[in-house]
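Proteins get letters first, then strands, A, B, ... in listed order; numbering begins at 1 in each.
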Number of protein chains: 2
Amino acid sequence: MERALGTALQPHGLKPAQLDVLMNLYRHPGMSQHDLARKLLVGRSNITMLLPQLEKRELVSREVDGKDRRIMRLTLTAGGEALLLDALKSYGALIEKAMSASTPEQCDMIGAHMLRVADALKEP
Amino acid sequence: MERALGTALQPHGLKPAQLDVLMNLYRHPGMSQHDLARKLLVGRSNITMLLPQLEKRELVSREVDGKDRRIMRLTLTAGGEALLLDALKSYGALIEKAMSASTPEQCDMIGAHMLRVADALKEP
DNA sequence: TGCTTATTGTTCATGATTGAACGAATATGT
DNA sequence: ACATATTCGTTCAATCATGAACAATAAGCA
């Protein structure tokens, strides 16, 4: 499934991890790298090595926070937002294809189950 | 989830990918590396780099096929089988914990759905 | 204020996985 | 039988995520 997403994003020159970054910055502009790493469930260093690629393509901008000069505030550029919305169409088509095998109620049920399973695994 | 499995296997000194190898060799003794790679959905080179660790620990044995000298026949050693059965207990406990959130019928339903979804994604 | 501790982002070495290129062994076609 | 093509396993470089160690900065407290 991750694989299918990868090929679906190829036309946009994006990799799954990069799409995750763009999506989270779209919802929460001005995020710090630390918070972004926690949202994505990856290490901080991962973000550090992921951003330069997006920055060179002018998809995101990094600016130092005025109050806390340790923090880098991340924002989507206009181009980044445009590319994201474009890529989300491919993403949506993929989701729809995956969901085409089930009825909406079944999708909801499965989603609810996944949450319960994740909870069950968190508490050993 | 992959993460939970990783920590569950730590006491046995195994990593998730290694458990996959042992499980498949238990079911299909004498498998070739190529077939094993296809079963695990990984590249052949991955198997090549995964096996030496298991071979040094005397968990699997590699022998050249008599008829086709390109093929390496893979078998579980007695120690490998013992370790596998041991590790499967931890694995089973994990599965049970994950499934504790659902009824058996729901588990079956989810399994069936996953198959349909995978099929839907394979045909673009 | 001055000292200690925490937090943020970076760097580095490590391990996992991939894909391409390769040599050896076998299969296929003429 | 012989040349060609295919298959199997290996090697190598490249990519990616991880965790530990680090410098810079800020927060907490005497």
Side-chain angles (χ1 to χ4, degrees), chain A residues 1-10 12-25 28 30-57 59-75, chain B residues 1-10 12-25 28 30-57 59-75:
Chain A
M1 217 180 86
E2 182 88 6
R3 218 155 223 157
L5 176 57
T7 65
L9 291 178
Q10 264 186 355
H12 308 281
L14 281 179
K15 279 167 269 185
Q18 298 174 333
L19 180 69
D20 279 347
V21 170
L22 297 186
M23 279 174 47
N24 274 275
L25 289 186
H28 308 344
M31 232 182 175
S32 77
Q33 296 188 191
H34 180 252
D35 288 345
L36 180 58
R38 278 202 327 170
K39 274 271 182 197
L40 298 182
L41 301 172
V42 300
R44 290 163 293 172
S45 47
N46 198 352
I47 302 293
T48 302
M49 305 186 51
L50 213 40
L51 282 182
Q53 313 166 11
L54 299 173
E55 214 178 351
K56 277 175 192 164
R57 290 170 61 187
L59 301 177
V60 312
S61 78
R62 302 194 325 160
E63 304 171 9
V64 223
D65 187 299
K67 297 174 185 172
D68 190 334
R69 305 215 305 267
R70 293 171 297 183
I71 295 182
M72 304 295 280
R73 294 289 168 199
L74 307 175
T75 332
Chain B
M1 218 178 84
E2 182 87 5
R3 218 156 223 158
L5 176 58
T7 65
L9 290 179
Q10 264 187 355
H12 308 282
L14 282 179
K15 278 168 269 186
Q18 297 175 333
L19 180 69
D20 279 346
V21 170
L22 297 186
M23 280 174 48
N24 274 274
L25 289 186
H28 308 346
M31 230 181 177
S32 77
Q33 295 188 191
H34 180 254
D35 289 343
L36 180 57
R38 279 201 327 170
K39 273 271 181 194
L40 297 182
L41 302 172
V42 299
R44 289 163 294 172
S45 46
N46 199 350
I47 301 294
T48 302
M49 306 188 50
L50 212 41
L51 282 182
Q53 313 167 11
L54 300 173
E55 215 178 352
K56 278 175 191 165
R57 290 171 61 185
L59 301 177
V60 313
S61 78
R62 302 194 324 161
E63 305 171 9
V64 223
D65 186 299
K67 298 173 185 173
D68 191 333
R69 305 217 303 267
R70 292 171 298 184
I71 296 182
M72 304 295 279
R73 294 289 168 197
L74 307 175
T75 332

Distances under 3.5 Å between nitrogen or oxygen atoms of protein and nucleotides 2-6 of chain C:
none

Close side-chain approach of L22(A) to L14(A), heavy-atom, < 4.5 Å: yes

query: So, for G43(B) and A37(B), which heavy atoms are closest and what is the spacing to 0.1 Å?
result: O-CB, 3.9 Å

Residue mapping more 5' on DNA chain D - nearest nucleotide basis, I47(B) or R69(A): I47(B)

query: Atom OG1 of T7(A) and atom CD of E2(A): how far apart are they, to the nearest 0.5 Å?
result: 11.0 Å

task: Could you list the residues that satisfy side chain to side chain contact (heavy atoms under 4.5 Å, CB included) with M31(A), not counting sequence neighbours?
output: L25(A), H28(A), D35(A), L36(A), K39(A)

Side-chain donor/acceptor pairs under 3.5 Å, residues 46-56 of chain B, sequence neighbours excluded:
{"residue": "T48(B)", "atom": "OG1", "partner": "R44(B)", "partner atom": "O", "Å": "3.4"}
{"residue": "Q53(B)", "atom": "OE1", "partner": "Q18(B)", "partner atom": "NE2", "Å": "2.6"}

field: Residue pair I71(B) / S32(B): nearest heavy atoms and the distance that separates them
entry: CG2-CB, 3.6 Å

message: Please report the distance, rounded to the nearest Å, between CD1 in I71(A) and P in dT10(C).
response: 12 Å

task: Please list, by residue number, the residues of residues 60-68 of chain A whose heavy atoms come closer than 4.0 Å to an atom of DNA chain D; answer none if no residue qualifies.
output: K67(A), D68(A)

query: Start at the 5' end of DNA chain C and walk down; is the nucleotide closest to K15(B) or to T48(A) reached first?
result: T48(A)

- request: Calculate the interatomic distance between D20(B) atom CG and dA16(C) atom C1'; express it in whole Å.
  value: 14 Å

task: Would you name the heavy atoms of L5(B) and P16(B) that are closest together and state the gap between them?
output: CD2-CB, 4.1 Å

field: Close approaches to DNA chain C from residues 33-46 of chain A, in residue order (heavy atom, under 4.0 Å)
entry: Q33(A), H34(A), R44(A), S45(A)

field: Interatomic distance where CD belongs to E2(B) and P belongs to dT18(D) [whole Å]
entry: 12 Å

Nearest-Å distance for atom pair CG/C1', residues L5(A) and dC16(D): 16 Å

field: Spacing between M72(B) atom CE and dA24(C) atom P, to the nearest angstrom
entry: 16 Å

- request: Nearest 0.5 Å please: distance from the CG atom of N24(A) over to the CG atom of L19(A).
  value: 9.5 Å

- prompt: So, for V64(A) and M72(A), which heavy atoms are closest and what is the spacing to 0.1 Å?
  reply: CG1-SD, 4.2 Å

query: Quick one: M49(A) CE to dT11(C) C1', roughly how many Å, whole number?
result: 9 Å

query: dG9(D) P sits how many Å from M31(B) CE, rounded?
result: 11 Å

query: dT15(D) C1' sits how many Å from Q10(A) CD, rounded?
result: 14 Å

message: Does R73(A) reach a base, just sugar-phosphate, or nothing at all? Heavy atoms under 4.0 Å.
response: nothing

query: Tell me the side chain to side chain donor-acceptor pair (under 3.5 Å) pairs involving residues 63-73 of chain B, sequence neighbours left out?
result: D65(B)-R73(B), D68(B)-R70(B)

